[in-house]
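The structure appears right after this line, and notes come after that.
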Amino acid sequence: MSARKNLATRREIGGAAILGVDVDPQTRCAHYHSERDIIAIKFKCCGEWFSCHRCHAMLAGHTAQVWPKEKFDEQAVLCGNCGQQLTISEYLQSKSVCPHCQSQFNPGCTKHHHLYFEM
């Protein structure tokens, strides 16, 4: 097993297996770990859930693909607080608040939307 794979954490949250580096019970990872960093993303390229784009880059072994706009009805965002899976549209329209449990998401994540979703 490579050194990269040794860093990997697999954690069940809301029925999904979240992959990343040092994933905590609310999806935070070694890269993003503020109180509001509580989402995970299902990547279009592999269908696997990761804590963040950096965890995917380190662990997946392939280049990430973004979700095209016509797939924004797919459940591809997970709230690390309540475990609810959100569609991409729900997440993008959420104003950084989980529509199910009202937990605050990190508004800074909007800077990375282009890494996950066709904008």
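All residue numbers in this chain count up from 1 along the given sequence.
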Cluster question for you: counting only ILVMFWY and a side-chain heavy-atom cut-off of under 4.5 Å, with indirect links fine, are [X] and [Y] together?
| X | Y | answer |
| --- | --- | --- |
| Trp49 | Leu59 | no |
| Phe72 | Leu86 | yes |
| Ile41 | Leu92 | yes |

Interatomic distance, [X] atom [atom1] to [Y] atom [atom2] [nearest 0.5 angstrom]:
| X | Y | atom1 | atom2 | value |
| --- | --- | --- | --- | --- |
| Thr27 | Leu19 | OG1 | CG | 12.5 Å |
| Cys98 | Phe105 | SG | CZ | 4.5 Å |
| Lys44 | Ile88 | NZ | CD1 | 9.5 Å |
| Gln84 | His100 | CD | NE2 | 4.0 Å |
| Arg11 | Cys29 | CZ | SG | 12.0 Å |

Any side-chain to backbone donor/acceptor pair from [X] onto [Y]? Under 3.5 Å, distance only.
| X | Y | answer |
| --- | --- | --- |
| Trp67 | Lys42 | yes |
| Thr87 | Asp73 | no |
| Ser51 | Gly20 | no |
| Gln104 | Arg36 | no |
| His62 | Ala60 | yes |

Parallel under 30°, tilted from 30 to 60°, perpendicular over 60°: which one fits the rings of Tyr91 and His113?
->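 Ring orientation of Tyr91 relative to His113: perpendicular.
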
Between His53 and Tyr32, how do the two ring planes meet: parallel, tilted or perpendicular, split at 30° and 60°?
->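 His53 and Tyr32: tilted rings.
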
More than 12 heavy atoms of other residues, nucleotides or ligands under 6.0 Å from CD of Glu35: is that the case?
->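 No.
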
Can you name the side chain to side chain donor-acceptor pair (under 3.5 Å) partners of Gln26, sequence neighbours left out?
->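 Checked Gln26 against side chain to side chain donor-acceptor pair (under 3.5 Å); matches are Arg28, Asn81.
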
Only one of His112, Met119, Lys111 passes side chain to side chain contact (heavy atoms under 4.5 Å, CB included) with Leu115; say which it is.
->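 With Leu115 as partner, His112, Met119, Lys111 yield a single side chain to side chain contact (heavy atoms under 4.5 Å, CB included), made by His112.
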
Hey, does Ile39 have a side-chain heavy atom less than 4.5 Å from the side chain of Leu78?
->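 Sidechains of Ile39 and Leu78: no contact.
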
Answer yes or no: is there a side-chain heavy-atom contact under 4.5 Å between Cys109 and Ser96?
->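 Side-chain contact under 4.5 Å: no.
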
Determine the minimum heavy-atom distance between [X] and [Y], stating which atoms define it.
| X | Y | value |
| --- | --- | --- |
| Asp24 | Ile13 | O-CD1, 3.7 Å |
| Cys52 | His31 | SG-ND1, 3.5 Å |
| Phe50 | Ile18 | C-CG2, 4.2 Å |
| Gln85 | Ala16 | NE2-CB, 4.0 Å |

Kindly give the cluster partners of Val97, where membership spreads through any ILVMFWY side chain lying under 4.5 Å from a current member.
->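 Its cluster partners, ordered by chain and number, are none at all.
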
Centroid separation Tyr116 to His56 less than 6.0 Å |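 No; His56 has its ring centre 6.0 Å or more from that of Tyr116.
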
